[in-house]
Amino acid sequence: QVQLVESGGGLVQAGGSLRLSCAASGRAFSSHIMAWFRQAPGKEREFVTAIRWTGGSTYYADPVKGRFTISRDNTKNMVYLQMNSLKPEDTAVYYCACSPPRPVVTSAAGYDYWGQGTQVTVSS
């Protein structure tokens, strides 16, 4: 069983930065895919970014390209989301997710494990 725990959310002004962390435990992750999704009130959960645990290939949704960076620390089983130039439309609950080794997908249905989420609020 995989456990994911997010931290680092908060309130920030537009243009500011935040770094989210996801602590992963419960198994060896080898070629698993780690991702961040977000869900704003009244909207569906949407893909933000993903990274392959082995190799480090990254994938980004268009709205966050050039502003967000995903990274991982294999020695600590941690995944990070550095968010810069934040906009009010980035306001959402951000979730860490894990998928077994397979092609990266942007649908939430493709991920088997989820954290509890952390709130990010960007004020204008």
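Note: hydrogens, waters and symmetry copies are ignored here, and every other heavy atom, side chains too, is used. The model shown is predicted, which means the values in this text are computed figures rather than measured ones.
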Q | Basic-acidic side-chain contact under 4.0 Å: K65, D62 | A | yes

(Q) Before you tell me yes or no, could you show the steps for D90 and R67 under side chain to side chain contact (heavy atoms under 4.5 Å, CB included), namely the whole-Å CA-CA distance, both residues' side-chain angles and the distance that decides it to 0.1 Å? (A) CA-CA 11 Å; D90 294 318; R67 300 189 298 122; 2.7 Å; yes

Q. Looking at N84, T49, V48, which hits side-chain contact (heavy atoms from CB on, under 4.5 Å) with F68?
A. V48

So, taking the atom named [atom1] in [X] and the one named [atom2] in [Y], what distance separates them when rounded to the nearest 0.5 Å?
X   : Y    : atom1 : atom2 : result
L81 : L18  : CG    : CG    : 9.5 Å
S57 : I51  : OG    : CD1   : 8.0 Å
H32 : Y111 : NE2   : OH    : 12.0 Å
Q13 : S123 : CD    : OG    : 5.0 Å

Q | Contacts of type disulfide (SG to SG under 2.5 Å), residue C96, not counting sequence neighbours | A | C22

Q.
Looking at E44, I'd like to know if its CD atom is crowded, meaning that more than 12 non-hydrogen atoms belonging to other residues, nucleotides or ligands lie closer than 6.0 Å.
A. no

(Q) Assess the residue pair R52 and R72 against the criterion (side chain to side chain contact (heavy atoms under 4.5 Å, CB included)); give the C-alpha distance rounded to whole Å, side-chain angles, the decisive distance to 0.1 Å, and a yes or no. (A) CA-CA 9 Å; R52 286 197 179 275; R72 88 270 191 246; over 6 Å; no

Give the minimum heavy-atom separation between [X] and [Y], together with the two atoms involved.
X    : Y    : value
P63  : R38  : CB-NH2, 4.2 Å
F47  : A35  : CE1-CB, 4.5 Å
W53  : M34  : CE3-CG, 3.1 Å
V105 : G110 : CG2-CA, 3.8 Å
S17  : Q82  : CB-NE2, 3.9 Å
C98  : L4   : N-CD1, 3.8 Å

Are the side chains of [Y] and [X] in contact, using a 4.5 Å heavy-atom criterion?
X    : Y   : answer
Y94  : E6  : no
V120 : L20 : yes
S25  : V2  : no
Y80  : R19 : yes

Q) Are T121 and Q119 close enough that a side-chain donor and a side-chain acceptor fall under 3.5 Å? A) yes

Q.
The test is side chain to side chain contact (heavy atoms under 4.5 Å, CB included); show your working for T118 and Y95 and say whether it passes.
A. CA-CA 7 Å; T118 185; Y95 296 90; over 6 Å; no

Quick check: is [Y] connected to [X] through a chain of hydrophobic side chains (ILVMFWY, heavy atoms under 4.5 Å apart)?
X    : Y    : answer
V79  : I33  : no
W36  : Y113 : yes
V104 : I70  : no

Q) Is a side-chain N or O of T91 found less than 3.5 angstrom from the main chain of V122, in a donor-acceptor match? A) yes

